[in-house]
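Working notes, beginning with the structure itself.
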Amino acid sequence: QVQLVESGGGLVQAGGSLRLSCAASGRTFSSYGMGWFRQAPGKEREFVASISWGGGRRYYVDSVKGRFTISRDNAKNTVYLQMNNLKPEDTAVYYCAGGVRTAVPDAEYEYDFWGQGTQVTVSS
């Protein structure tokens with residue numbers, strides 16, 4: 001089984017930055033698409049960003065464009081989410097996910113493996 005472990009969450013002030021990491025172990029494939037989702041209290045989980053391992057294509061939800069950057073290091077089977085200019089509305093549990101086929105990269109149903117999540121809290 002593929003295991004995903006997120007790290008890098010924490011408490012930051014508005015305008016600050018964090019970099020989340022997602023390390024994959026077990027059965028992994030370079031062709032897997034990877035994505036970041038988040039869920040705030042009382043809200044549904046939403047798509048944040050995704051990246052294609054094979055093609056390098058990236059997608060972002062409109063609310064984070066220009067502030068967040070998703071990247072990858074295939075040699076380390078790790079995906080990153082650099083978050084700059086954080087806002088209180090970014091507060092959520094952030095989840096890393098992977099899928100063998102992500103034809104619709106912002107759709108949850110495309111992803112087969114999920115991490116446990118890491119808490120990001122942005123204070124005003």
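Every residue meeting the side chain to side chain donor-acceptor pair (under 3.5 Å) condition with S17, not counting sequence neighbours, appears here in chain and number order: N84. Every salt bridge (charged side-chain N to carboxylate O under 4.0 Å, His left out) that K76 has, sequence neighbours left out, goes to D73. Remark: F47 pairs with F37 by the ring pair (Phe, Tyr, Trp, His ring centres under 6.0 Å) rule, at least two apart or across chains. Contacts of K65 classified as salt bridge (charged side-chain N to carboxylate O under 4.0 Å, His left out), with partners at least two apart in sequence or in another chain: D62. Not counting sequence neighbours, D106 has no partner by the salt bridge (charged side-chain N to carboxylate O under 4.0 Å, His left out) test. Checked against side chain to side chain donor-acceptor pair (under 3.5 Å), T121 has the following partners two or more places apart in sequence or in another chain: Q119. Under the rule for a salt bridge (charged side-chain N to carboxylate O under 4.0 Å, His left out), R19 has no partner lying at least two apart in sequence or in another chain. For N85, there are no side chain to side chain donor-acceptor pair (under 3.5 Å) partners two or more places apart in sequence or in a different chain.
The shortest side-chain heavy-atom distance between V79 and L81 does not fall under the 4.5 Å cut-off. Residues W36 and E6 form a side-chain contact, since some pair of their non-hydrogen atoms from C-beta on lies under 4.5 Å apart.
Residue Y109 shares its hydrophobic cluster (ILVMFWY side chains chained together at separations under 4.5 Å) with V104.
Closest of all the heavy-atom pairs between S21 and T78 is CB-CG2, 4.4 Å. Looking at every heavy atom in both residues, A14 comes nearest to S124 through CB-CA, 4.4 Å. Contact record, Y111 with S50: OH-CB, 3.5 Å, taken as the closest heavy-atom pair. Smallest separation of non-hydrogen atoms from A40 and A92: N-CB, 3.8 Å.
Taken together through direct or relayed side-chain contacts under 4.5 Å among Ile, Leu, Val, Met, Phe, Trp and Tyr, Y80 and L86 form parts of separate hydrophobic clusters. In the hydrophobic cluster analysis, where Ile, Leu, Val, Met, Phe, Trp and Tyr join through side-chain heavy atoms closer than 4.5 angstrom, M34 is grouped together with V100.
Evaluation of the side chain to side chain donor-acceptor pair (under 3.5 Å) test over residues 89-98, restricted to residues two or more places apart or in two chains, returns R38-D90, R38-Y94, R67-D90. For residues 80-124, the pairs satisfying disulfide bond (SG atoms under 2.5 Å apart) are C22-C96, with sequence neighbours left out. Applying the salt bridge (Lys or Arg N to Asp or Glu O under 4.0 Å) test to every pair with at least one member in residues 107-124, sequence neighbours left out, gives these pairs: R45-E108.
In this structure, CG in N77 is found 9.0 Å from OG in S25, a value given to the nearest 0.5 Å. Distance check, rounded to the nearest 0.5 Å: CD of Q82 to CD1 of I70 gives 12.0 Å.
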| field | Q3 vs F113, side chain to side chain contact (heavy atoms under 4.5 Å, CB included): CA-CA, chis, key distance, verdict | value | CA-CA 7 Å; Q3 294 181 335; F113 314 105; over 6 Å; no

| Verdict with supporting geometry, M83 and V120, side chain to side chain contact (heavy atoms under 4.5 Å, CB included) | CA-CA 10 Å; M83 306 184 294; V120 172; 3.9 Å; yes

| request: Go through V48 and Y60 one step at a time and tell me if the side chain to side chain contact (heavy atoms under 4.5 Å, CB included) criterion holds. | output: CA-CA 6 Å; V48 177; Y60 300 92; 6.0 Å; no

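Remark: E46 CD is packed, more than 12 non-hydrogen atoms of other residues, nucleotides or ligands lying under 6.0 Å away.
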